[in-house]
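Step one of this worksheet: look at the structure below.
All chains are named by letter (A, B, ...) in the order of the sequence lines, taking the proteins before the strands, and each is independently numbered beginning at 1.
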Protein chains: 2
Amino acid sequence: MLLPTQPAAWQGKENRQSAPPERQDSFRTSNDRATLSDIATLAGLSTSTVSRVVNGSRCTSPTARARVQQAVAELGYMPNVLARQLRSSRTKTLALVLIDIANPFFTGIARGVEDAARAQGYTVMFCNTDESVDEEMGYLRGLIQRRVDGVLLVPAVNSRGSLELLQQHGVPVVVLDRRLGSGQVDQVRADSEGGAYLAVRHLIELGHRRIAILAGPESLSTSVDRVDGYKRALAEASIGARSQQILFGEYTEGSGYEMTSRILAAPSRPTAIFAGNNSIALGALQALRDSGIHYADDMSIVVFDDLPQGGSLPFLTAVSQPAYEIGKLAAYMLIERLATEEPLEPRVIVLPSSLIVRRSSAPPRLTSSAGPRSAKAIAGPARTHRDPNGLHPSPGLLANLRPCPTGSTLTKASPVAGTGSLKLP
Amino acid sequence: MLLPTQPAAWQGKENRQSAPPERQDSFRTSNDRATLSDIATLAGLSTSTVSRVVNGSRCTSPTARARVQQAVAELGYMPNVLARQLRSSRTKTLALVLIDIANPFFTGIARGVEDAARAQGYTVMFCNTDESVDEEMGYLRGLIQRRVDGVLLVPAVNSRGSLELLQQHGVPVVVLDRRLGSGQVDQVRADSEGGAYLAVRHLIELGHRRIAILAGPESLSTSVDRVDGYKRALAEASIGARSQQILFGEYTEGSGYEMTSRILAAPSRPTAIFAGNNSIALGALQALRDSGIHYADDMSIVVFDDLPQGGSLPFLTAVSQPAYEIGKLAAYMLIERLATEEPLEPRVIVLPSSLIVRRSSAPPRLTSSAGPRSAKAIAGPARTHRDPNGLHPSPGLLANLRPCPTGSTLTKASPVAGTGSLKLP
DNA sequence: CTGTTAGCGCATTCAA
DNA sequence: TTGAATGCGCTAACAG
């Protein structure tokens, strides 16, 4: 996950066996590692030449190449990346600083970042902040000291000085997932507003009128945007503002549990819950269980963020974000910026989210409102995708745990903004 | 998760605001980062002195210290870790190379490693091999080139040259979780044999006679050891070898699914399954579902490796390994070895596993064998822990998803071997 | 195509 | 207590 194989040209399988194992070269004590000049003397060449063939620079004769390779193999030479980096003042290293890599959404981002980076010969370091600004700052400082070439940042909740610190030290940044700062930074994220709109409209189309949204921290752009989408969907359906039920909390299981409990205790209980992210959903599900409330039947639930469909929760209707693409795109943007000389305008890319309908959302059981809307409305411009596994009838215990194929076709939730001319592989 | 805050002495909050923001020092172009000599000239001192105060070496006058700190703050100086490492030929960096950090067991190890390392001022790099020896080798090479001080290795399935490569380059190693090599390495792992024995004995005590074990690769020590524990428990209960049902596969969900399907299709179906690890268990559960077989009622299932009890699978009876401790101990061993000069004997530490009984294991429904053994046997020397949440009656759908407290008390499954005199905090 | 010469930024001798 | 000098291992001008 962290260090890609060094793509150096000389890196054929080291045929160490070609050298007599007991050989103890006079200029190499047992544990001292061979250096460039070691192999230079062994090969009877200068360090520059050796350096050239090791780095695959052209301008080397076949004979020189052969002798160097021979010496490299013989001594088991491994270039000292530190020295190389110090000299060239480029580390070919990126950092991804994020909230919680255990969260599937961020894991997806991380994969995208690593794949893109590795494809360009970059190594990436992953740093978990656990939503702590102090951790974030600490990591950032460490990364600057390590002279990473650039940083991909998913800022923690009240992150403030981070961008300034980075820019102060001339470290290029791309901000992921969450809006940050005055806009003078490259950014990549999914469309929170549009995704939330889709989700809530879906619930409305099922006949729900009292829908609660369990959002994250009010100070986070994703929370605000998702609430905006929620509001838009309600407004569009002429559902009065007094029917709104908006709770701000944290993006944690505990907070989801707590918010759900509050909702269930309140007088006018909603018929559907829109969870602001996957952790909140997990907590919400637990709260429902503990109250003996069945999802779908008694309470519809839709999640922002899809969950891994492997073994446990394959029944949740969810807004899916293109996590992998976010990471990949962000890495490419960053690397591109590293390649050029400063003249790029800050770019903001918003990728479409989409809705995957499964079994956790159903028409409300006993509602005073009208039933589901016309089929036309459902089949209309709603950019949703109905998961075949969501359609299995009579969801018994076992059926509930049935796996669901991952290859869900995603549909656009909103237009892409400002994609610019990023060159992808 | 990756880069701990640098614990450098000089690292007070940078009071950059104390310097006039528009100040453009003549010796610093905008983006060039300040160096030691920059702050030396600014402070009117030599680089040596500056280096000393920055590194907290004693032998510095208060006045010098003050002036340096002032200059550091003014210039926003960040030491160049690369140069520092190159010079001192110590990176203060460890690497944890493992199979799959998404697996909760390894995540636990990773946390232990990081905490221990950070406590000692070390940074740790995480590398995922996905059970690929090529990836493993690639990472190892990269790490050697980066001159990490030491490596913590969870070797991939048929890992072979890794140890040699590392030792060839004089990089200290500790092998985690899986036995490897001729034994001339430090190793830390949990007691697989003992844990498996406990699990299977538990099933036998419940009355099971036909128990299948779904093991990992036959070439892996953990698989072999767990099968050994399985055999011992059966033998102890005088259950004939012909009743054994041993399947070797992979530590993956897919393999678990496949092995379970095979078992279900076979003539004499077992009444209980012992899954060799958590991934296999996940696959087994899916296979059971797809065959309409209820766990516990129709088929008991016990897992090696506990799963995160957060939201999804709080009902599995499991063998719990002290993952965090494994990581922590391993890191301490490694760091200790780095501190001393080579004279340490290789040490092997085997930590006890324990059994946590929950609801997925129950007496067989219709068995020709005798019922459960006497209460005495159950309450006897079995070092198991009964999870209170495992006792809830009538596991309906919702109850099945009920959360379970994480604070399970672990009980020893086997004695600790060769702990030696490791100094822990 | 190759060798010589200079540092990258820092820690660390050795003198003062 | 401080400063001057040296080199960690490597790349990048330059000349040849």
For this session: For the pair A:R337 and A:D186, evaluate salt bridge (charged side-chain N to carboxylate O under 4.0 Å, His left out) and give the outcome as yes or no after the intermediate values.
Result: CA-CA 10 Å; A:R337 181 161 299 258; A:D186 286 335; 2.8 Å; yes

Exercise. Can you give one letter per nucleotide of nucleotides 8-16 of chain D, going 5' to 3': B for a protein heavy atom under 4.0 Å from the base, S for sugar-phosphate only, - for none?
Worked result: BBBBBB---

For this session: Apply side-chain contact (heavy atoms from CB on, under 4.5 Å) to A:N55 and A:R84, showing your working.
Result: CA-CA 11 Å; A:N55 290 309; A:R84 183 180 284 183; 3.5 Å; yes

Problem set entry | Distance, nearest 0.5 Å, that separates CG of B:L152 from CE of B:M125 | 13.5 Å

For this session: Let me know the distance between CD of A:Q145 and P of C:dC10, rounded to the nearest Å.
Result: 10 Å

Exercise. Taking C-beta and beyond as the side chain, do B:R347 and B:E336 meet within less than 4.5 Å on heavy atoms?
Worked result: yes

Exercise. At under 4.0 Å between heavy atoms, what does B:T60 touch on the DNA or RNA strands: base, sugar-phosphate, or nothing?
Worked result: sugar-phosphate

For this session: Check the pair B:R141, B:E136 against salt bridge (charged side-chain N to carboxylate O under 4.0 Å, His left out), reporting the backbone distance first and the verdict last.
Result: CA-CA 9 Å; B:R141 259 191 272 274; B:E136 182 176 305; over 6 Å; no

